[in-house]
Amino acid sequence: MQRTRLLLSSIILMLVQSCSIYIYNLTVAVAAETDITTDQSALLALKSHITSDPQNILSNWSTTTSICSWVGVTCGARHFRVSVLNLSYMSLTGTIPPHLGNLSFLVELRLRNNSFHGTLPQELAYLHRLELINFAYNNFITGEIPSWFGFFPKLRNIDLGGNQFSGIPTAFFNLSTLQVIDLQKNLLSGGIPRGIGNLTMLKEINLDFNNFKEIPNEIGTLDQLEILFVQWNALEGHVPVSLFNMSSLSTLTLIGNNLTGSIPDNICQHLPSLQDLNLAYNQFDGPLPSKFWQCRQLLALKMSGNNFHGSLPTNIGNLTQLRGFYCGYNYLTGTIPHEIGDLRNLEILTLGVNNLHGLIPSRIFNVSTIIVLSLGLNQLSGSLPANIVLGLPNLQQLLVGKNNLSGVIPHSIFNASKLTTLDIAANSFSGFIPRTLCSSTNSFQWLNLHTNNLRIDTSTPEANILSCLANLRNLTSLVLQGNPLNATLPVSFGNLSSSFQYFDISICNMRGNIPMILET
Ligand SMILES: *[C@@H]1O[C@H](CO)[C@@H](O)[C@H](O)[C@H]1NC(C)=O
Ligand SMILES: *[C@@H]1O[C@H](CO)[C@@H](O)[C@H](O)[C@H]1NC(C)=O
Ligand SMILES: *[C@@H]1O[C@H](CO)[C@@H](O)[C@H](O)[C@H]1NC(C)=O
Ligand SMILES: *[C@@H]1O[C@H](CO)[C@@H](O)[C@H](O)[C@H]1NC(C)=O
Ligand SMILES: *[C@@H]1O[C@H](CO)[C@@H](O)[C@H](O)[C@H]1NC(C)=O
Ligand SMILES: *[C@@H]1O[C@H](CO)[C@@H](O)[C@H](O)[C@H]1NC(C)=O
Ligand SMILES: *[C@@H]1O[C@H](CO)[C@@H](O)[C@H](O)[C@H]1NC(C)=O
Ligand SMILES: *[C@@H]1O[C@H](CO)[C@@H](O)[C@H](O)[C@H]1NC(C)=O
Ligand SMILES: *[C@@H]1O[C@H](CO)[C@@H](O)[C@H](O)[C@H]1NC(C)=O
Ligand SMILES: *[C@@H]1O[C@H](CO)[C@@H](O)[C@H](O)[C@H]1NC(C)=O
Ligand SMILES: *[C@H]1O[C@@H](CO)[C@H](O)[C@@H](O)[C@@H]1NC(C)=O
Ligand SMILES: CC(=O)N[C@H]1CO[C@H](CO)[C@@H](O)[C@@H]1O
């Protein structure tokens, strides 16, 4: 300390000669003279600003041990100075003291998910070695992100998500080394600043859950950008053309905005790396893009909740990597192309709430990877194949309600060990509800059979499915209403699983008395 003070006073003498030299050499002198005890006082200053530490974590910060062994502290191997401070997820409440700016060797500062509040001290701008800042999910003071955030010459990763920031200063776009920006869940609004186009090293941008209105054309200059999330904002108007022209982009998620216009037919020609495209719940219209053979990498295509019309392109069969295709809640017409059977990796197919007609292509029932098949609220006809479970061993949800389907319920469907949700309501299914419903292997939670022509076989007590429903331990909802069941409720019926919440047989032409337990 003494030596530092001497040095400083000799420099102050020089101040008389030249102010600029003074500033330069002061910086050099202080940096040279700080040591591990400076780091210790900075951390102890932080500790003294913590007002609540319910997990008693900072009791570990004892002055009798080296700060390099303190919880959350990592020292550099070469210089034994604090290089990482990670206090994330420690339930701490408090403020950040200016002393933290003295941790001059700090490379990573992680304070995610605590209750730090107040202002961020400007002294943090002295941390010129910082490569990563994570202040996400705290309660820092509302207002613009401080402009001194522009001073970190090596910053690669910044996460300020889950705070109350309402603006981004111009200086922020001086952070030319940035690769990852996460500003999700703040109060940001207006246009995304054009300066974003200057951050040409960016690989990932997350602006979810703000109120941004516009994506600037400048975003197209980010030729290393791989991930762009701007979901659930207030984006409106057309997507800038430059956005559909980014050679590195693999994930584009714009769900939950108010974007309009149509999607370029050759979208994948200029987005050759695209893997996950999520444009759901906007106001896009026009036909679906069809040059799908250009989308070699595409894994998920999410277009639900728009105004797309026209038919499903047969080229869908070229998306051979596709795992999820979501296109419900649109105005699609025509039939489901049988080429959909070429999607050998498909896990989720949702086409519900459109105007599709014709048969469900039989080849769908051979895509063994399918987990969710959702085709309800269309005008599809035909029946379900008898061996449906053989072809779809992974099926968990089958939703085909409100179509024009007919025939019997395949017996095998209730032998499916993974199926939890079946909705075949409001069709013209007929015959007996298969006795396999009571199969001990089935895992049904939600079963909706209402408004069909189904009956319950009461020829023998064993055949009556109503006597075995109590075995279905996971069943929470069974709707049989609107079927001419013509059956008796057995006494054992009262013995249903405690998870059973909803049973609707109101218009089912039931005979006999309702057991007492159901009346209470
Ligand atoms: C603090 O925690 C670290 C790691 O859990 C441990 O190595 C160290 O001994 C602890 N120090 C004290 C003083 O409890
Ligand atoms: C930071 O600390 C938290 C809580 O101890 C831990 O879960 C997390 O993995 C750490 N992060 C890093 C990058 O070390
Ligand atoms: C913050 O941490 C708590 C538990 O410590 C957890 O319940 C909560 O989900 C976390 N929030 C975020 C946004 O990570
Ligand atoms: C921009 O960054 C450079 C170096 O990283 C720094 O010298 C300059 O002061 C910064 N300007 C602003 C406005 O933040
Ligand atoms: C972005 O770069 C251009 C050209 O280099 C420059 O004129 C402009 O001031 C920069 N914008 C910001 C916000 O840094
Ligand atoms: C697309 O990008 C290429 C090069 O990256 C550029 O030459 C072309 O002008 C861009 N087109 C549009 C419409 O932005
Ligand atoms: C979308 O725009 C319409 C018409 O301008 C408006 O009524 C609606 O509230 C907007 N929705 C959202 C989510 O911004
Ligand atoms: C696209 O799929 C069709 C069959 O649906 C096939 O004939 C064609 O070769 C595929 N094109 C490419 C480029 O894979
Ligand atoms: C019932 O649900 C539990 C938990 O969700 C699951 O572990 C179990 O396998 C299910 N039972 C059957 C018969 O599928
Ligand atoms: C209803 O069931 C009873 C007894 O099983 C049978 O005699 C009768 O024919 C059935 N009614 C109809 C309409 O199928
Ligand atoms: C560094 O932090 C400032 C506050 O920003 C303190 O006033 C200084 O005393 C401290 N310096 C040292 C060497 O700990
Ligand atoms: C006046 C003075 O001491 N200037 C020095 C400041 O630091 C630089 C670099 O270390 C020296 O070259 C100057 O002599």
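Order of listing sets the numbers, starting from 1, for every ligand and every atom in it. Each residue takes its place number in the sequence, starting with 1.
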Legend entry - Carboxylate-amine/guanidinium contact Arg112 Asp159, below 4.0 Å: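 Salt bridge flag = yes for Asp159 with Arg112.
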Inset, instruction - Specify whether Trp70 and Trp61 have parallel, tilted or perpendicular ring planes, treating 30° as the upper limit for parallel and 60° as the lower limit for perpendicular. - result: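 The arrangement is parallel - the two ring planes meet at less than 30°.
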Which residue owns the protein heavy atom closest to [atom], what's the atom, and how far is it?
atom	value
atom 4 (C) of ligand 1	Val71 CG2, 4.2 Å
atom 7 (O) of ligand 1	Ser69 O, 4.4 Å
atom 13 (C) of ligand 1	Asn60 O, 3.6 Å

Inset, instruction - Would you tell me which option among Leu124, Asn102, Leu103 has the nearest heavy-atom contact to atom 2 (O) of ligand 11? - result: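 Among Leu124, Asn102, Leu103, the closest heavy atom to atom 2 (O) of ligand 11 belongs to Asn102.
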Inset, instruction - Find all atoms of ligand 11 within a distance of less than 4.0 Å from any non-hydrogen atom belonging to Thr38, and give their numbers and elements. - result: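 So the atoms of ligand 11 that pass are 12 (C), 13 (C), 14 (O).
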Legend entry - Atom indices of ligand 11, in the order listed, that fall short of 4.0 Å to a heavy atom of Glu123: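 So the atoms of ligand 11 that pass are 5 (O).
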Legend entry - Heavy-atom neighbours of Gln297 CD exceed 12 at 6.0 Å: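 Count over threshold, so yes.
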Inset, instruction - State whether the number of non-hydrogen atoms from other residues, nucleotides or ligands found under 6.0 Å of Arg296 atom CZ is greater than 12. - result: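 Atom CZ in Arg296 is not crowded, with 12 or fewer foreign heavy atoms closer than 6.0 Å.
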Legend entry - Check: Asn174 side chain, Gly150 main-chain N or O, donor-acceptor pair, under 3.5 Å: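 Yes, Asn174 side chain to Gly150 backbone: donor-acceptor pair under 3.5 Å.
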Legend entry - Side chain proximity check, Leu155 to Ile133, heavy atoms < 4.5 angstrom: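 A side-chain contact under 4.5 Å exists here.
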Inset, instruction - Using a 4.5 Å cut-off on heavy atoms from C-beta on, say whether the side chain of Cys327 contacts that of Phe325. - result: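 Of all side-chain heavy-atom pairs linking Cys327 with Phe325, at least one is under 4.5 Å.
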Inset, instruction - Output the list of atoms in ligand 2 that are nearer than 4.0 Å to some heavy atom of Ser88, sorted by atom number. - result: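 Reading through ligand 2 atom by atom, the close ones are 3 (C), 4 (C).
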Legend entry - Atoms of ligand 2 close to Asn86 [distance to a heavy atom under 4.0 angstrom, numbered from 1]: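 Those atoms are 1 (C), 2 (O), 3 (C), 8 (C), 10 (C), 11 (N), 12 (C), 14 (O).
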Inset, instruction - Can you confirm whether something in the protein, heavy atoms only, sits under 4.0 Å from atom 9 (O) of ligand 1? - result: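 False for atom 9 (O) of ligand 1.
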Legend entry - Protein contact for atom 2 (O) of ligand 2 (heavy atom, distance under 4.0 Å):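 It does: a protein heavy atom is found less than 4.0 Å away from atom 2 (O) of ligand 2.
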Inset, instruction - Using the ring-ring contact (aromatic ring centres under 6.0 Å, His included) rule, pick out the option among Phe165, Phe116, Phe140 that qualifies with Phe135. - result: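 So, applying the ring-ring contact (aromatic ring centres under 6.0 Å, His included) to Phe135 and each of Phe165, Phe116, Phe140, only Phe140 qualifies.
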Legend entry - Min N/O separation Arg110 to ligand 2 under 3.5 Å: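 Between Arg110 and ligand 2, no N or O pair is found under 3.5 Å apart.
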